[in-house]
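What follows is one structure encoded as structure tokens, with my remarks underneath.
In what follows, every heavy atom counts, from backbone to side chain, and hydrogens, waters and symmetry copies are set aside. Below, chain A is the first sequence line, B the second, and so on; all start at residue 1.
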There are 2 protein chains.
Amino acid sequence: MAILGLLNQAPMHGYELRKRVLVLLGGFRALSYGSLYPALKRMRENGWICVPDPADATRVLPADAPPLTGKRGKVVYALTAEGKERFQDLLTEGGPEAWEDERFGVRFAFFAQTEADVRLRILEGRRRRVEERRDGLRASLGRTRERLDRYTLELQQHGLDSVDREVRWLSELIDHERVDGTQIDRKKNNPPASTS
Amino acid sequence: MAILGLLNQAPMHGYELRKRVLVLLGGFRALSYGSLYPALKRMRENGWICVPDPADATRVLPADAPPLTGKRGKVVYALTAEGKERFQDLLTEGGPEAWEDERFGVRFAFFAQTEADVRLRILEGRRRRVEERRDGLRASLGRTRERLDRYTLELQQHGLDSVDREVRWLSELIDHERVDGTQIDRKKNNPPASTS
DNA sequence: CTGCGATATATCGAATCGATACACTTGCCC
DNA sequence: GGGCAAGTGTATCGATTCGATATATCGCAG
């Protein structure tokens, strides 16, 4: 999704893609080369991205031709129509996949292009998820507090504080979403969201 | 290291090992089965761990014998002398490997068994590392602040706050280490650690 | 004009993940 | 006393990812 989203903004090289993913996620995990290039290859085979011919921009290079080791070879990738479509689909998804740890960060980074109701759904799902973890952690810590040494305790307390902070952060975001959205659906039916 | 450290406390099954690693790290990443069992196999081949014969505890089962699919098969793993040695070596390590993201958590979880000077070295290394990230993030955020949409900004700010919090946490721990350690090496030579 | 650091593509082997298969145990309801 | 769901437990498969590395070009400082 990160690759699709970045290429949706502008075509670019693999190398720059890598750098941008890094800053996009705020300096946490960066796509290794061993993931990046195979991923680009796969996406090209899937028809989501293509490599425009630098000599003739109306044509694209065939997916099987260039191993291009030897001479000079910069490869600019661009989104195809299918790729844009795929990205739009991802932006519309509001299910559990969107709020799990691995995906939420990237998903959130493209929130500006996501519909307000989907944003709210994802934020609430994410908060529920993190609250679960917080409660589990709290319970486990309460149970074992006296058996743990100073450092294990400190580590778990720090972890608990972190998830707690994330819950508060998400709550602020949700509040913000709600007041921004209120103007539109004013006092319309607001069933307390059966939490299913 | 997590496996060695847990088996150092008591022999146990792979399944329980998995659960304990999960709580050890405070509910973040849990060893998948696809990592766990191959890892145990490797460690057994390396001679770090063994499987005591349940019938005769003085003997251990050979490393190649039991695929044991079919009947009943619980496999209890225990540390060998080499395994204990290996774990002690890891506890002594105070280099950069000990303070990188992936390892620091586990490393810290076993701090109670680590020497005071090694603890301090690791904490300071870790703090330096996290400060670098914080400064990089801050700089990048300052440079691009006005170009970012509300959500990307929010994400990066939250990330920055998180690393900032970690720096403060580490600083508190370091202060604590210093006052606890002072009694022992009183006013001995304290060269300012050439930062190399 | 040399050497160094950034840009850039690519691959290799090993480790990891996520899903799943299989089998036994325990508790609990009807 | 039967059934069956949830938990315990070992194990592997294919796909993905990582970390290290090879190779080559570009820009520019000394």
For D:dG19, does either OP1 or OP2 sit under 4.0 Å from a side-chain N or O belonging to A:Ser32? no
Non-neighbouring partners of B:Leu91 that pass side chain to side chain contact (heavy atoms under 4.5 Å, CB included), sequence neighbours left out: B:Met1, B:Phe87, B:Gln88, B:Arg107, B:Phe110, B:Gln113, B:Thr114
For atom CZ of A:Arg103, decide whether the heavy atoms of other residues, nucleotides or ligands shown that lie under 6.0 angstrom number more than 12. no
Return the orientation label for the B:Tyr33 and B:Tyr37 ring planes: parallel under 30°, perpendicular over 60°, tilted otherwise. parallel
Quick note, A:Arg42 side chain, CB onward, closest among C:dT7, D:dT16, C:dT11 is D:dT16
Picking from D:dG9, D:dT12, C:dA10, the nucleotide nearest the side-chain atoms of B:Pro38 would be D:dT12
In whole angstrom, give the distance that lies between atom NZ of A:Lys41 and atom P of D:dT16. 12 Å
Quick check: on DNA chain D, is the nucleotide nearest A:Ala39 upstream (toward 5') of the one nearest B:His13, or the reverse? Name the residue that is more 5'. B:His13
Contact under 4.0 Å: A:Ser35 side-chain N or O vs D:dC18 OP1/OP2: yes
With a 4.0 Å cutoff (strictly under), does any side-chain N or O of B:Tyr37 reach OP1 or OP2 of D:dA11? no
Integer-rounded Å distance: D:dT16 P and A:Met43 CE: 13 Å
Figure out the OH/P separation between B:Tyr15 and C:dA23, and round it to whole Å. 18 Å
Validation: residues 10-19 of chain A side-chain donor-acceptor distances under 3.5 Å, sequence neighbours left out:
from	atom 1	to	atom 2	distance (Å)
A:Glu16	OE2	A:Arg20	NE	3.3
A:Glu16	OE2	A:Arg20	NH2	2.8
A:Arg18	NH1	A:Leu31	O	2.8

Does A:Tyr33 make a side-chain N or O approach to OP1 or OP2 of C:dA10 shorter than 4.0 Å? no
Starting at the 5' end of DNA chain D and moving along, which residue's nearest nucleotide shows up first, B:Gly34 or B:Glu16? B:Glu16
Cation-pi between A:Arg86 and A:Trp48: NZ/CZ under 6.0 Å from ring centre and within 45° of the ring axis? yes
Residue B:Lys74, side-chain heavy atoms: nucleotide from D:dT12, D:dT8, D:dA20 that is nearest: D:dT8
I want to verify a distance call: between D:dT12, C:dA10, D:dT8, whose nearest atom is closest to the B:Lys19 side chain? D:dT8
A:Glu102 CD - C:dA19 P separation (whole Å): 9 Å
Between CD of A:Glu45 and C1' of D:dA15 the distance, given in whole Å, is 14 Å
